[in-house]
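A short worksheet on the structure shown next.
Convention: sequence-line order gives letters A, B, ...; per-chain numbering from 1.
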Amino acid sequence: MKRYLKLSITAVLILAVVALIYPPYSRWARDHVNKITATTDHPVRCGSCHLYLQKPGFISKLVNAEYHSPFNLAVSEDGRSLYVVAEESNKLLVVDRESRKITHEIGVGVRPHSIVIDRGGKTAYVSNQWSDNVSVVDLASFHVKEALKTGNGPAGIGLSKDEQSLFVVNSFSSDISVIDLKTSSERKRLTAGNNPTGLQSSPDRSMVYITSRRTLSKPFDDTIRCELTILSDGKQRISARKDIISAYMMENIAFTPSGDLALMPVVRPKNNVPTIQIERGWMMTGGIAVIEMKPEGRIAQLLLDEPNAYYADPFDISVTPDGKTAFVSHAGSDCISVVDIDAVREIIAGSTDELLEQYAHHLGISSRFVIKRIPTGANPKGLAISPDGKELYVAEHLDDRIGIVSTETLEMKERIDLGGPRRTTVNRRGRQLLNNAGGTFQNQYSCFTCHPDGHEDGLVYNMASKDMGRNMTNTQSLRNIGDTPPYKWNGKNQTVYKQDGMRFSTVLTRNEPFSYRDLDALTAYIMTGIPNPPNLLYNPAGELTDAQKRGKMIFERTHDFAGFEIPVSNRCVTCHPAPFFTNLQMVGVGTLAASDDSILFDTPHLNNIFASPPYLHDGRAATLEEIWTIYGKTEEHGAVNDLTKIQLNELIEYLKSLRDPDYEDGSNKTLKAAFGNK
Amino acid sequence: MRISRISIIYLFIVFIICLSFTVVGCTKVRSGMLIATEASLSSFTQDGVTDPGRYISGSRIIAIDPGKPSKIRVLTGDFYSAAYPEISYDGKQIIFSAQKKQGDTWQIWEMSLKNLRCRQLTFLRENCTDPAYLPGGKMVFSKLTVNDTVGTAHCLYTGNIDGSDIRQITFSPCDNFATQVLKDGRLLTVSRQLLPQKNNAMLAVMRPDGTKSDMFYMNKGKSIMASDPRESVDGRIIFLETTGNNSPGGFPASVTYNRPLHSRIDLSAGEEEFKSVLPVTSDRYLVSYRKSGSDRFALYEFNAETKTTGRLVFSDPEYDILDVTVAEPYERPKKLPSEVDLQVKTGLLLCQDVNFTGFKSKADTPGLIEARLIEVMGPDSTYGTVRVEEDGSFQLKILADKPFRIRTLDEKGQTLSGPCAWMWMRPNERRGCVGCHEDPETVPVNRVSLAVKKPPVIIPVHITTIKEKTVELE
């Protein structure tokens, strides 16, 4: 009896304490969540922020996982092996086609991108985008023999016809390294388009074609152009540069075996058009550019989209050995478009230039040459066809699998599990959402479309926030923005939750907003899962050059060179203090255009600023220099008028050296791996 | 003592289980049952207040067990007339239009399929018909509307499922019937222009707030019959067409959702004796069909691949089956956000180039006169003439919720083309078009139109300023 009484009294006391604490705690928790998410009905779940938004550390390790994320792949000449570039695990995976098992995992550099195998099948070359080198892999011993130094951000890769040279596309420095394989050193560097990534030799191996992602620098409202660079294999010189009009994000290129056509997936943005609707292709369309390889050959662009269905982020293209069929992977729509190449030939042969220009704007043209759409796993990227042409291999990037499509039945027949983690973490789910167009009306575009690799696409958009011709805005990067709220140029969104919540769905996706579960995942990924690459181009080891040091002094100065004090509000370092080089405040720097409303701007961070042209809120400054030489003469954006040209250059050199604070303390794993792989 | 406690717990559990079975067993309409509208077409009385072809006095809603089609259950025995039920997403309710007593107007009702209890949702003076569920606890329906804006037309309205917050969303002199909600969240409705002349009906699509209204499909040779268009699991829209020869039936046809204007498949094999079509699987449909004019419309299976009717599922010697649906849960359509702000009085319309009409080369049309002006016309007066920019573009700020049409004029004011179909702008709507009468499958050219570099022209032109809330969407 006494025991029961004690238990009862204890229970009652506990209940009383809970009853006292719970209401105020509940109110506090509600207010706290409302403030963080800028909503009023987000579920009160502590884990949403306190588990999944953790910086790298013990908790982050527990809740996250390391995936392979297959990006590109190649097939051995005998078709028995698949060589899969695992972007996230920094490996080259060798997969036995028969057993569907991974036979070897070879550690390569950081963020491997592409692979090419020599004719004998003895050596593979893997470009490492965040290590600035190429891993040379011996396919007999499955070891990395050496690392070849390249330019910044090596991506697409190919061997010369005589296999004495290696061509490497440097996506960050926008050039091409020609590497002598005998001496293992770079022989020359050639300028390519802006942010080039894809590389493919013509069937006769006489020419090498390099595709670009970003457009050539042009003012807003000019016609956008993206460069296709053509390199002579024998002379190893640039042979031609072709402008692909009104297109960008040309990730890859493929040729018909006869060499009569080159085919290139493209995205055709409508950034010059006010973003007032999605219906009828008013935001983004995607298709293929078809280049006639004959002299005076034309370049046509045919949309792959349909009037009520869009296929976002076309990435790779592969052509069957018989030259009849091409496959295009749509990374944003989890499918592959099957293209009848003969139908494409017929369309082009029978069309005037004017008609072809119309076809580039017609959503019905795909019905004449797209045979089928094949569903795939999440975020299909690289494609490869088996030597006998019977199988198409698809790197299902965010499912850690290789899909195998029968080119005869045009059906997905099996999948190879690469053995990544079984669970889909919250962060991974967020990454899948960012890369998938399913959140946008009719799947027209994904977050990736304007923020490729979590960065920005270099375009200025007419966001039509109030009136149609006002307030143009330059796309901002999503890399490592977790610590730099508020968001958007006008600083209206205090949190990423708010940025991607209801207003986002009303203005941009025009679709049902993300569920809170998905919004949590997307936020977790954006806040913690998109790091900056190391700044290997301008500041690889944290040791500034002399010019950069002088530039730093100018950046941090309190007095000009005449000895006059610079007002605190006009010192660079006031608004752009380390480590993120933003004071997170709203400010006006005399950069309002006539078409802008009178607002202040959220001070942008400057980490890896070299990689984000154009500059200023409306992208009017094509380079960092132009911020002051053309648009900063009023001294409202820092005191620079006393600088000589050389001093301004040094300031710019310093700005270019700015890198993510995660790399500053020298212990960063990525940076160590980047250097360790050299 | 212990045994007693265990017995009590055991009996309690058994009681709960029995109660559950009882409740389940008492569900009046089980999942999978067919819910049909039937009426006697031969005894139809023309009361003149509803579309005679669709809403029939004395119609009723019945539940049919496909396994025991001889036993039906009349769900609306307490109503004088009831018709065209739509199932809720969870498969547990139906929404329909009904007359409680003879002479009553048709109003919207909801019924629980579990216990057949009904509640009235609308209490309006005019007939309210063709309801459908919208995500987020809302509904859409047609209502006879008589005013200067639309004349006399069945406009679309939305409201909360409890009948509150009823709002008009279409504002043109067009009848809109048989509205369905597509998986993408938009409304698909059978729409027919009434003024200045009656046109053939077409399938129109719009967002649930009435914005972005557009043609979805039309067949110049035929009219779309006022019968529910249905979206199949394999991405086709199935509907009925009619030649308008006074037959109560129509021809089934389908188009793809992806490319409706150029994907029509004729399913009829020449027969115009269908009253409704319901896709069950990608190739198996349920149709209301009769073999000849003297037969009653009955329920049959239909093979979409062979285009043939098959097994008779249900027939009633005294009634014609007008429509059928299945009482089962289905995937909820997307809940689309709304850009409408009722504190804003206007909408913005941008046209890229009035002289763009599609795949026509200037070389193919020598001497083509370019439009320099447009006239914006209301139902009974002009709203004004506006000069277009050098590149053919214009940007208008138009009073919201008013129907208008546009025609293009040459420099002398002579009509070159148009007027186009009726349009309206919802408050704060922004909308764009590529040209005038352009191919609807054309996307805009990526260029900055001259018209957006200036403030928009206010329509009607006699208005110089409008005081309204300024909305910043971003």
In terms of heavy-atom proximity below 4.5 Å to chain A, should B:R431 be classed as side chain, backbone, both, or neither? both
Selection from B:K453, B:H262, B:K212 maximising heavy-atom pairs under 4.5 Å formed with chain A: B:K212
Measuring heavy-atom distances to chain B, does A:E357 have an atom under 4.5 Å in its side chain, in its backbone, in both, or in neither? neither
Highest number of heavy-atom pairs under 4.5 Å with chain A among B:V452, B:V448, B:D214, B:N258 belongs to B:N258
Validation row: A:M463, A:R470 side chains within 4.5 angstrom (heavy atoms): no
At a heavy-atom separation under 4.5 Å, does B:L349 approach chain A through its side chain, its backbone, both, or neither? backbone
Cut-off 4.5 Å, heavy atoms of chain A, and the answer for B:P456 is neither
Would you call B:R207 and B:D209 a salt bridge, taking side-chain N to carboxylate O under 4.0 Å as the test? no
Per-residue contact mode, B:K334 against chain A (heavy atom under 4.5 angstrom): both
Looking only at heavy atoms and a cut-off of under 4.5 Å, which of A:A360, A:P307, A:P513, A:G469 has the most pairs with chain B? A:P307
Verify, without hydrogens or angle tests, whether A:W489 (side chain) and A:N474 (backbone) share a donor-acceptor contact under 3.5 angstrom. yes
With a 4.5 angstrom heavy-atom cut-off, which part of A:F220 approaches chain B: side chain, backbone, both or neither? side chain
Taking every heavy atom of A:H617 against every heavy atom of A:D596, the minimum-distance pair comes out as NE2-OD2, 2.6 Å
Stepwise, does the ring-ring contact (aromatic ring centres under 6.0 Å, His included) test hold for B:Y330 with B:Y89? CA-CA 5 Å; B:Y330 59 98; B:Y89 310 126; 5.5 Å; yes
Using a 4.5 angstrom heavy-atom cutoff, name the option from A:N462, A:N271, A:T223 with the most pairs to chain B. A:N271
Side-chain heavy-atom pair A:P614, A:R620 within 4.5 angstrom cut-off: no
Checking heavy atoms, do the side chain of A:D305, its backbone, both or neither come under 4.5 Å from chain B? neither
Heavy-atom cut-off 4.5 Å, strictly under: side chain, backbone, both or neither for A:E279 against chain B? side chain
Would you mind checking which part of B:V205 comes under 4.5 Å of any heavy atom in chain A, side chain (CB onward), backbone (N, CA, C, O), both or neither? neither
Side chain, backbone, both or neither: which part of B:E429 has a heavy atom under 4.5 Å from chain A? neither
For the pair A:S333 (side chain) and A:A312 (backbone), establish whether a donor and an acceptor sit closer than 3.5 Å, ignoring hydrogens and angles. yes
Is the Lys NZ or Arg CZ of A:R373 less than 6.0 Å from the centre of A:Y311's six-membered ring, within 45° of the axis? yes
Taking only residues two or more places apart in sequence or in another chain, which ones pass ring-ring contact (aromatic ring centres under 6.0 Å, His included) with B:Y217? B:F239
Sole candidate of B:R332, B:K183, B:R186 that passes salt bridge (charged side-chain N to carboxylate O under 4.0 Å, His left out) when paired with A:E512: B:R332
Between B:E441 and B:R259 (salt bridge meaning N to carboxylate O under 4.0 Å), is one present in this structure? yes
Give, as side chain, backbone, both or neither, the part of A:T285 having an atom under 4.5 angstrom from any heavy atom of chain B. side chain
So for A:F504, is it side chain, backbone, both, or neither that comes closer than 4.5 Å to the heavy atoms of chain B? neither
So which part of B:S263 gets closer than 4.5 Å to some heavy atom of chain A, the side chain, the backbone, both or neither? neither
